[in-house]
Amino acid sequence: MVLGLNLSFAVKRWMKPAQLASMCKNDFGVDHVQFTWDLIDPWWPEELRDAMAADYKCAFEKEGVKIDATFGGLASYSFAHFLAPAKEQREAAFIFFKRAVDLTLAMGAKILGSPVGGMNYDDARDADKREQLYQEMLEYLRKLAAYGKEKGLEEIHIEATPLITEFPHSPSVCRKMMEDLDGSEIPIKLLIDWGHALYKPLLKEEADIELWFRECAPYIGSIHLQQTDGEWDRHWDFTKEGIVTPELIKRATKNVGLDNIPQYLEVVTIFEDDDDAVYDSMKKTMDYLHKELD
């Protein structure tokens with residue numbers, strides 16, 4: 001399998017491009033990373049933003065690490081984006097995502113990944129409003145794909161979550177959404193997160209990664225790997241005890257032919273965690289995953 005690393009672990013800790021690139025290559029042994037918008041906000045002034053993107057691009061290229069994609073990250077996830085109740089916010093989200101396309105390409109990456117947003121409480125529970133927002137969201141994604149093609153983007157990866165206020169939130173909804181987006185200007189695929197797919201309180205019997213992979217395999221473009229207990233969306237590293245085992249990772253991946261799909265470890269720590277302790281856990285985790293999965 002292709003083991004990569006989302007740079008979420010570095011937020012508010014390791015923000016110097018050369019230092020981070022060296023850490024990824026020489027300490028963690030990865031050749032593929034997924035950049036997070038928590039390190040560079042697409043909204044930042046273009047001239048300053050793209051200069052920073054160029055610094056990361058050059059640093060990672062120098063170390064021989066490929067920035068495959070950029071991803072929305074924690075800050076962006078807090079916004080309602082394409083499913084917001086206000087038309088003005090949905091329009092603002094479209095501008096935001098176009099700027100994210102520009103950031104992605106400035107960094108030399110060809111794939112943009114993100115959740116699409118979230119609905120207001122009552123909108124999510126009103127069948128007519130829910131369908132209206134769903135259809136409008138699909139249209140925004142088609143427009144974003146057209147913009148991406150014009151600029152040179154190759155794919156868009158939509159992250160699935162287990163929340164009914166978001167799309168997509170289950171294996172069957174994932175399949176329908178991908179079918180509804182068929183024919184977009186560039187491929188729109190799924191990003192499946194282990195912790196989201198195993199979230200028992202909301203998904204119940206569908207909290208089964210093998211079910212998700214079986215149902216969604218033809219549409220999966222990338223995967224987020226994390227350790228979790230299935231009770232919360234933990235985003236733990238693998239020094240923690242949880243329900244994600246190397247045996248399960250290998251079996252679930254191999255059984256549906258996803259061996260060539262990158263799985264990016266996505267560790268999200270609390271900001272108060274000691275920096276050296278975070279580094280130590282990441283080093284132990286990557287050593288363990290290379291030993292068990294390579």
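We use all heavy atoms of the structure for the numbers below, so side chains are in, but hydrogens, waters and symmetry mates are not.
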May I ask you to decide whether [X] forms a salt bridge with [Y], counting only side-chain N to carboxylate O separations under 4.0 Å?
{"X": "Arg142", "Y": "Glu139", "result": "yes"}
{"X": "Arg251", "Y": "Glu247", "result": "no"}
{"X": "Lys283", "Y": "Asp287", "result": "yes"}
{"X": "Glu63", "Y": "Lys25", "result": "no"}

Verify the cluster assignment for [X] and [Y]: are they in a single hydrophobic cluster under the rule of side-chain heavy atoms below 4.5 Å apart?
{"X": "Trp43", "Y": "Tyr56", "result": "yes"}
{"X": "Leu3", "Y": "Phe35", "result": "yes"}
{"X": "Trp194", "Y": "Leu74", "result": "no"}
{"X": "Phe60", "Y": "Met15", "result": "yes"}
{"X": "Leu203", "Y": "Ile164", "result": "no"}

Please determine whether the number of non-hydrogen atoms from other residues, nucleotides or ligands lying under 6.0 Å from atom [atom1] of [X] exceeds 12.
{"X": "Lys250", "atom1": "NZ", "answer": "yes"}
{"X": "Lys143", "atom1": "NZ", "answer": "yes"}
{"X": "Lys12", "atom1": "NZ", "answer": "no"}
{"X": "Asp294", "atom1": "CG", "answer": "yes"}
{"X": "Gln135", "atom1": "CD", "answer": "yes"}
{"X": "Glu47", "atom1": "CD", "answer": "no"}

I want to check something: taking the side chain as every heavy atom from C-beta on, are [X] and [Y] in contact at a cut-off of under 4.5 Å?
{"X": "Asp229", "Y": "Lys240", "result": "no"}
{"X": "His81", "Y": "Ser76", "result": "yes"}
{"X": "Leu141", "Y": "Met137", "result": "yes"}
{"X": "Asn255", "Y": "Arg214", "result": "no"}
{"X": "Met177", "Y": "Tyr134", "result": "yes"}
{"X": "Ile209", "Y": "Ile192", "result": "yes"}
{"X": "Arg13", "Y": "Thr269", "result": "yes"}
{"X": "Met107", "Y": "Ile40", "result": "yes"}

message: side chain to side chain contact (heavy atoms under 4.5 Å, CB included), that's the test. Do Asp38 and Tyr77 meet it? Break it down for me.
response: CA-CA 10 Å; Asp38 288 334; Tyr77 183 52; over 6 Å; no
Could you measure the distance from the [atom1] atom of [X] to the [atom2] atom of [Y]? Nearest 0.5 Å is fine.
{"X": "Leu248", "Y": "Ile243", "atom1": "CG", "atom2": "CD1", "answer": "8.0 Å"}
{"X": "Gln227", "Y": "His235", "atom1": "CD", "atom2": "NE2", "answer": "12.5 Å"}
{"X": "Asp123", "Y": "Arg130", "atom1": "CG", "atom2": "CZ", "answer": "10.0 Å"}
{"X": "Asn6", "Y": "Asp68", "atom1": "CG", "atom2": "CG", "answer": "11.5 Å"}
{"X": "Lys129", "Y": "Met119", "atom1": "NZ", "atom2": "CE", "answer": "11.0 Å"}
{"X": "Glu155", "Y": "Leu112", "atom1": "CD", "atom2": "CG", "answer": "11.0 Å"}

Practice task
May I have the step-by-step check of side chain to side chain contact (heavy atoms under 4.5 Å, CB included) for Cys174 and Ile220, ending in yes or no?
Solution key: CA-CA 10 Å; Cys174 282; Ile220 295 174; over 6 Å; no
For the student: nearest non-hydrogen atoms of [X] and [Y], plus distance:
{"X": "Pro168", "Y": "Glu159", "value": "CD-O, 4.0 Å"}
{"X": "Cys24", "Y": "Leu7", "value": "SG-CD2, 3.7 Å"}
{"X": "Ala109", "Y": "Ile67", "value": "CB-O, 3.4 Å"}
{"X": "Thr239", "Y": "Ser281", "value": "CG2-O, 3.7 Å"}
{"X": "Ile186", "Y": "Leu153", "value": "CG2-O, 3.6 Å"}
{"X": "Ala217", "Y": "Leu258", "value": "O-CD2, 3.9 Å"}

Using a 3.5 Å distance criterion without hydrogens, assess whether the side chain of [X] forms a donor-acceptor pair with backbone atoms of [Y].
{"X": "Ser22", "Y": "Gln19", "value": "no"}
{"X": "Thr228", "Y": "Trp232", "value": "yes"}
{"X": "Asp237", "Y": "Met282", "value": "no"}

Test salt bridge (charged side-chain N to carboxylate O under 4.0 Å, His left out) applied to Glu154 - qualifying residues, sequence neighbours left out: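 Salt bridge (charged side-chain N to carboxylate O under 4.0 Å, His left out) list for Glu154, sorted by chain: empty.
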Apply side chain to side chain contact (heavy atoms under 4.5 Å, CB included) to the pair Phe238 and Val244, showing each step before the final yes or no.
CA-CA 9 Å; Phe238 279 77; Val244 180; 3.9 Å; yes
_Glu206/Ser170 under side-chain hydrogen bond (donor to acceptor under 3.5 Å, both in side chains): CA gap, chis, key distance, verdict_ = CA-CA 8 Å; Glu206 289 187 312; Ser170 72; 4.6 Å; no
Apply side-chain hydrogen bond (donor to acceptor under 3.5 Å, both in side chains) to residues Ser222 and Gln34 and explain how you reach the verdict. CA-CA 10 Å; Ser222 54; Gln34 186 185 55; 4.6 Å; no
Applied to residues 273-294, the ring pair (Phe, Tyr, Trp, His ring centres under 6.0 Å) test, sequence neighbours excluded, yields Phe28-Tyr279
Requested in this report: Could you label the plane-to-plane angle of the Phe94 and Phe82 rings as parallel, tilted or perpendicular, counting under 30° as parallel and over 60° as perpendicular?
Outcome: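 It falls in the tilted class, 30° to 60°.
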Q. Sequence neighbours excluded, which residues qualify as ring pair (Phe, Tyr, Trp, His ring centres under 6.0 Å) partners of Tyr219?
A.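 Per chain and number, Tyr219 pairs via ring pair (Phe, Tyr, Trp, His ring centres under 6.0 Å) with no residue.
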Counterpart residues, ring pair (Phe, Tyr, Trp, His ring centres under 6.0 Å), relative to Tyr264 (two or more places apart)
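Residues passing ring pair (Phe, Tyr, Trp, His ring centres under 6.0 Å) with Tyr264: none at all.
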Q | Remaining members of hydrophobic cluster (4.5 Å side-chain criterion), Phe71 | A |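 Under the 4.5 Å side-chain rule, Phe71 groups with Leu191.
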**OP:** Please determine, by modelled atom types, if Tyr147 and Asp102 share a side-chain donor-acceptor pair under 3.5 angstrom.
**Re:**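 Yes, side-chain donor-acceptor contact under 3.5 Å.
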Next item on the list: Would you sort out whether His224 and Gln226 count as a side-chain hydrogen bond (donor to acceptor under 3.5 Å, both in side chains), showing the intermediate values?
Entry: CA-CA 7 Å; His224 277 167; Gln226 58 161 297; over 6 Å; no
Applying side chain to side chain contact (heavy atoms under 4.5 Å, CB included) to Ala10 and not counting sequence neighbours gives Trp14, Leu20
**Asked** After noting the C-alpha distance and the side-chain angles of Thr285 and Val267, does the key distance pass the side chain to side chain contact (heavy atoms under 4.5 Å, CB included) rule?
**Response** CA-CA 10 Å; Thr285 289; Val267 172; 5.5 Å; no
Between Arg125 and Tyr121, is NZ or CZ placed under 6.0 angstrom from the six-membered ring centre and within 45° of the ring axis?
yes
